[in-house]
A.B. asks: 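I'd like to ask some things about the structure below.
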Amino acid sequence: MSQRNQLTYLTDQLNAMREAGTHFGLRVLDDQQAPVCHYDGKEVINLASNNYLGLANHPKLIEAAVEATKTYGAGSGAVRTIAGTMKLHMQLEERIAAFKNVEACVVFQSGFAANAGTVSAILGKEDFILSDELNHASIIDGARLSRAKIKVFRHKDVAHCEELLNEVKDEPGRKLIITDGVFSMDGDIGPVDKLADLAEKYGAIMMVDDAHASGVLGRQGRGSIDHFHQHGRVDIQVGTLSKAIGSLGGYVCGSKDLIDFLYHRARPFLFSTSHPPSVPASCLAAFDILESEPDRMERLWNNTKTFKAMLESAGFDIGGNITPASETPILPIIIGDSAKTAEFSRVLFDAGLMATAITFPTVPQGKARIRTIVTSEHKPETLARAAEILTTSAKKLGVL
Ligand SMILES: *Cc1c(COP(=O)(O)O)cnc(C)c1O
């Protein structure tokens, strides 16, 4: 039987990935996103989630989600601008704006939508974007959608950013400087303060993506702007509700007019249905917990210090040589070769540790790594066991 198939080129590409050892299947979680849980029926220590503060399983978030669902239903039924704005959506935006000490806030369906929707809405083809080379994919996509000219500066290289700004400073277009607050693959912190200085000097718009800094850096998890004491100096702050906050969504904080403009022009806001009521309800509970349970952040940073010391004493390359040095709970173990890294991850899983291989094109060729992320909820003995599994498996594979 000859069936029409115009997609065989995809099969060819998948086969190429298989040959390169970088093809993967999805690991399926059987229970909750917890420090020890089950994937594909196997119990593993989980060092792969972004559930930094354990809030995804916090009883108060679960209860808030259930209550909101019972009261307001399972879905919102429309996009925000048509009929899908509920009181809970507005309450969450007001809550975040107050927490971040800004005039206003808009919540998007995801951090990805927040970045892509915002950058593409506020800039046009006459404008310029100065972007760190390791910025998140959603920033890159937003930049491309805006059709502005993209100038990429070397990672955290403020002098290079200034050089590029100088090249375009006399052009009529607007300039936007954009950086991640915390870089998701290396765990280092962006030079938010120095870039804000540049923005001021050159009259550029300053934007920070705080996805991995939300709930992790700054007072009670207010993010990198708070960490660097840059309140009032960053025009656009993006954060996520999907990582440390434990639920789903992304937000943009800034002036009232920025937010009002995004209400009118940000395409994911206009053309994609708003969150079900359970989402803003659980996020509101999460912000309560950030303020009422500061011990979670304390445990997160203690665990980070403990686990980093364990990896260092085992002799792993955890960044700082061919890659940036981590300053946060994201601790990459640099292996280099993609296939070897993918194999390492599989060996770790079989030995009882869930830690994801991050390979090209997510990170540059030759800089493949196992990314580990500790949370506040990992017990010290669990981390010790994880380090033991890493060491034994690495030796077995000849990568240590
Ligand atoms: C995860 C991430 C996002 C996307 O956030 P989601 O809420 O998961 O869509 C954006 N930027 C950075 C830097 C991230 O790490």
Side-chain angles (χ1 to χ4, degrees), residues 29 33 48-53 55-56 61 89 92-93 96 100 105-120 129 131-145 152 155-156 176-192 195 206-218 221 223-225 227 234 236-253 266-269 272-276 278-280 282-283 286-287 324 326-332 356 358 361-363 369 371-373 375:
L29 177 60
Q33 191 61 266
S49 94
N50 301 310
N51 187 18
Y52 287 105
L53 301 172
L55 297 189
L61 271 81
H89 294 128
L92 177 60
E93 291 178 346
I96 297 172
K100 300 280 279 189
C105 167
V106 52
V107 171
F108 287 81
Q109 297 84 354
S110 66
F112 196 106
N115 272 326
T118 299
V119 176
S120 59
I129 297 173
S131 177
D132 187 290
E133 66 182 332
L134 296 188
N135 275 346
H136 192 259
S138 54
I139 295 175
I140 297 167
D141 284 12
R144 287 180 184 156
L145 281 169
V152 176
H155 184 51
K156 299 208 291 188
L176 169 78
I177 301 176
I178 182 160
T179 183
D180 282 5
V182 171
F183 289 88
S184 50
M185 297 304 155
D186 296 280
D188 54 336
I189 300 175
V192 171
L195 290 174
M206 181 69 203
M207 176 166 172
V208 176
D209 173 9
D210 252 351
H212 280 281
S214 311
V216 174
L217 284 185
S224 67
I225 283 86
H227 172 82
V234 174
I236 307 171
Q237 300 184 39
V238 171
T240 185
L241 304 165
S242 324
K243 290 173 177 150
I245 306 304
S247 182
L248 173 69
Y251 57 84
V252 178
C253 284
R267 293 169 72 82
F269 188 83
S272 183
T273 297
S274 57
H275 283 147
S278 55
V279 170
S282 53
C283 291
F287 283 96
S326 169
E327 303 165 84
T328 67
I330 299 171
L331 296 167
T356 322
I358 311 274
T362 307
V363 293
R369 71 214 45 196
R371 185 176 65 165
T372 68
I373 301 181
T375 75

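All ligand and atom numbering here is 1-based and tracks the order in the structure. If you read the sequence from its start, that first residue is 1, and numbering goes on from there.
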A.B. asks: Which residue holds the protein heavy atom closest to atom 1 (C) of ligand 1, what is that atom called, and what is the gap in Å?
C.D. replies: K243 NZ, 1.5 Å
A.B. asks: Would you mind running through ligand 1 and noting each atom that sits below 4.0 Å from a heavy atom of H212?
C.D. replies: 15 (O)
A.B. asks: Closer than 4.0 angstrom: is that true for some heavy atom of G250 and an atom of ligand 1?
C.D. replies: no
A.B. asks: For ligand 1, which atoms have a heavy atom of S242 less than 4.0 angstrom away?
C.D. replies: 6 (P), 7 (O), 8 (O)
A.B. asks: Considering only heavy atoms of N115, which atoms of ligand 1 have at least one such atom less than 4.0 Å away?
C.D. replies: 10 (C), 11 (N)
A.B. asks: Compute the minimum heavy-atom distance from G249 to ligand 1 and say whether it is under 4.0 Å.
C.D. replies: yes
A.B. asks: Among all protein heavy atoms in this structure, tell me which lies nearest to atom 6 (P) of ligand 1, with the distance rounded to 0.1 Å.
C.D. replies: G111 N, 3.3 Å
A.B. asks: Would you mind listing which atoms of ligand 1 come within a distance below 4.0 Å of any non-hydrogen atom of T240?
C.D. replies: 5 (O), 6 (P), 7 (O)
A.B. asks: Do any N or O atoms from the side chain of T118 and from the backbone of N115 form a donor-acceptor pair under 3.5 angstrom?
C.D. replies: no
A.B. asks: Out of all atoms in ligand 1, which are within 4.0 Å of some heavy atom of A211? Include the element for each.
C.D. replies: 2 (C), 3 (C), 10 (C), 11 (N), 12 (C), 13 (C), 14 (C), 15 (O)
A.B. asks: Specify the protein heavy atom at minimum distance from atom 4 (C) of ligand 1: its residue, its atom name, and the distance to 0.1 Å.
C.D. replies: F112 N, 3.5 Å
A.B. asks: Apply side-chain contact (heavy atoms from CB on, under 4.5 Å) to residues I330 and Y52 and explain how you reach the verdict.
C.D. replies: CA-CA 10 Å; I330 299 171; Y52 287 105; 3.4 Å; yes
A.B. asks: Hey, which of T179, I236, L176 is the one that makes side-chain contact (heavy atoms from CB on, under 4.5 Å) with M206?
C.D. replies: T179
A.B. asks: By salt bridge (charged side-chain N to carboxylate O under 4.0 Å, His left out), which residues pair with R369, not counting sequence neighbours?
C.D. replies: D186
A.B. asks: Can you name the atoms of ligand 1, numbered from 1 with element, that are less than 4.0 Å from a heavy atom of D180?
C.D. replies: 13 (C)
A.B. asks: Passes side-chain contact (heavy atoms from CB on, under 4.5 Å), D132 versus F183? Steps please.
C.D. replies: CA-CA 10 Å; D132 187 290; F183 289 88; 3.6 Å; yes
A.B. asks: For the side-chain contact (heavy atoms from CB on, under 4.5 Å) test, which of L134, L195, D188, D180 pairs with K156?
C.D. replies: D188
A.B. asks: About how many Å separate NE2 of H89 and NE2 of H275, when rounded to the nearest 0.5 Å?
C.D. replies: 7.0 Å
A.B. asks: Kindly indicate whether the side chain of L92, heavy atoms from C-beta on, has any atom under 4.5 Å from the side chain of L241.
C.D. replies: yes
A.B. asks: For atom 13 (C) of ligand 1, what is the nearest protein heavy atom, given as residue, atom name and distance?
C.D. replies: D209 OD2, 3.1 Å
